[in-house]
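The next block holds one structure in the form of structure tokens; read it before the comments.
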Amino acid sequence: MTYKPSSAQAEDFIHHESILDIIDYGRKHAHNRPLIEGVLKKAALEKGLDPREAFLLLACQEEDLNQKIYQLARDIKLKIYGRRIVLFAPLYLSNYCINGCVYCPFHGQNKDIPRKKLSQEEIRQEVIALQDMGHKRLALETGEDPLHSPIDYVLESIDTIYSIHHKNGDIRRVNVNIAATSVEEYRMLKEAGIGTYILFQETYHKDNYEALHPKGPKSDYAYHTEAMDRAMEGGIDDVGMGVLFGLNNFEYDFIGLMMHAAHLEARFGVGPHTVSVPRIRSANDIDPDTFENAISDEVFKKIVACIRIALPYTGMIISTRESQETRQAVLDLGISQVSGGSKTSVGGYALDRQEEALGSEQFDLADNRTLDEVIYWLLETDHIPSFCTACYRAGRTGDRFMALAKTGEIGQICQPNALMTLQEYLCDYASPRTRALGDKVIQRTLGDISDPLIQKKTRQWIQDIQAGQRDFRL
């Protein structure tokens, strides 16, 4: 058996022996300056790196070259994404689950956690609470349970979410993080109007994966690992990947991520739309100290930088699993999306049910700030908070998005859309101090739009938003 990126078989495109070979290669050449400098020179062309090259940078033990790695990551992030940071929140529909994942408190054998499934009316209340914060983009989450969370329930919930228009609030993009499923059900999700389909691999090491998932449908390594292929076959061309760092050796899983991205590119012509970088957190019935593969903040920073360099046009997500300090440290190294004001419990947003939701969290948060506090922090650190959903709504997904990203044209669209959605937030939801700072940032940044016609149009639309109109987009 050999490494075959274009194969449809999981153990061909996530090739165990090749991963071990790459780890050995990277460790042996961790001080090979000419080799590492050659990879950095190639990476500066912003065409991406193969798994072996990407891991060589991660394995590098030369401190001055590590600083060059960080600087290159910053340069690529700034050139492709600018200072924009997209905001989202998770929405947990149900924590019923039949799987036995040993790192997740939702596992079916946990008798301590209170189980909850939201009704459509409760979903409506949650969405209104999220809209009242200012959110426009949600990541829908649910445990795997054919009785409590069948595909029909998920589809009905998506319809409910999109139907709710409260004051000036609208959820304009629903991303979906549910269990691996069939091509037919992915097609249903596509027809329901989802944005990105998100599924974390947890770990790419097959033996460890099976040990971590001893019961339930998720125990099938191949079916889970090949889920993105079925999603693509079902018409979903924006998919989001990630591993749960801390479950397995981080070097192995970093290479697995690179191989998975290369596989999607080889087989479908477009890589992942996003990559998430969660680390394991404590939760009900879960003690992260029982896992032996925890990574330090410094290793975490380097993983983020190397993913940005290797996959320059892929969005990167960091959630409220991480503290403000950690999120601050990696924003400029590659992160393009952050969550804010998040709850990982079922029913945690609506004020009258927050106490009821206690104890049903999937994991403990490290960043408990409100959305407005996160927005102010981003503005204060010279970023542009964005609630933009324009590409998804205009059909700029998959290879169409990547074509614009790789030519640099997407920036001419994203910058104005970010400013307009920020202006909506400032008018409708911001605290006085956030609005004052945000208004200054918008006026200062409008001049950075290089196309004079787009700049003129954006200035006019900003004025129209201030006058009460909403939902302008390029």
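A salt bridge links Arg470 and Asp428; the closest N-O separation between the charged side-chain nitrogens and carboxylate oxygens is under 4.0 Å. Taking the charged nitrogens against the carboxylate oxygens, Arg172 and Glu424 do have a contact shorter than 4.0 Å, which makes a salt bridge. Salt-bridge annotation for Lys218 and Glu144: absent, with no side-chain N of the basic residue lying under 4.0 Å from a carboxylate O of the acidic one. Here Glu122 pairs with Lys116 in a salt bridge; the nearest charged N to carboxylate O distance falls below 4.0 Å. One finds no salt bridge joining Asp64 and Lys68 here, because no Lys/Arg side-chain nitrogen approaches an Asp/Glu carboxylate oxygen to under 4.0 Å. The existence of a salt bridge linking Arg267 and Asp229 is confirmed by a sub-4.0 Å separation between a basic side-chain nitrogen and an acidic carboxylate oxygen.
Side-chain atoms of Gln201 do not come within 3.5 Å of backbone N or O of Gly242 as any donor-acceptor pair.
The ring-ring contact (aromatic ring centres under 6.0 Å, His included) check on Tyr376 picks up nothing, with sequence neighbours excluded.
Arg459 and Gln463 share no side-chain donor-acceptor pair at under 3.5 Å. In summary, the side chains of Asp332 and His383 do present a donor paired with an acceptor at a separation below 3.5 Å, with no hydrogens or angles considered. Under 3.5 Å, the side chains of Asp238 and Thr397 contain no donor-acceptor pair of N or O atoms. For the 3.5 Å distance criterion, the side chains of Arg173 and Thr196 qualify, holding a donor opposite an acceptor. Checking Gln71 against Asp75 by side-chain atom types alone, a donor-acceptor pair falls below 3.5 Å. For the 3.5 Å distance criterion, the side chains of Tyr429 and Asn168 fail to qualify, holding no donor opposite an acceptor. Using a 3.5 Å distance cut-off with no hydrogens or angles, the side chains of Thr160 and Ser157 do not pair a donor with an acceptor. Side-chain atoms of Ser149 and Thr142 include a donor-acceptor pair closer than 3.5 Å.
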Check step by step if side chain to side chain contact (heavy atoms under 4.5 Å, CB included) holds for Arg308 and Leu333. CA-CA 7 Å; Arg308 171 49 61 225; Leu333 294 176; over 6 Å; no
Hey, mind stepping through Asp367 and Gln324 against side-chain hydrogen bond (donor to acceptor under 3.5 Å, both in side chains) and telling me if it holds? CA-CA 6 Å; Asp367 187 346; Gln324 176 181 343; over 6 Å; no
Residue pair Trp461, Gln469: steps toward the side-chain hydrogen bond (donor to acceptor under 3.5 Å, both in side chains) verdict: CA-CA 9 Å; Trp461 282 347; Gln469 298 185 56; over 6 Å; no
Just do the side chain to side chain contact (heavy atoms under 4.5 Å, CB included) check on Ile158 and Leu189 with the steps written out, would you? CA-CA 9 Å; Ile158 294 169; Leu189 290 170; 4.0 Å; yes
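The side chain to side chain contact (heavy atoms under 4.5 Å, CB included) test with Phe472 singles out one residue from Thr458, Thr421, Asp464, and that residue is Asp464.
For the residue pair Pro272 and Thr314, the shortest heavy atom distance occurs at O-OG1, 3.1 Å. The minimum heavy-atom distance linking Tyr153 with Leu93 is given by the pair OH-O, 3.5 Å.
Within the cation-pi definition used here (under 6.0 Å to the ring centroid, within 45° of the axis), Arg279 qualifies as a partner of Phe300. Judged by the 6.0 Å and 45° rule, Lys302 forms no cation-pi pair with Phe250.
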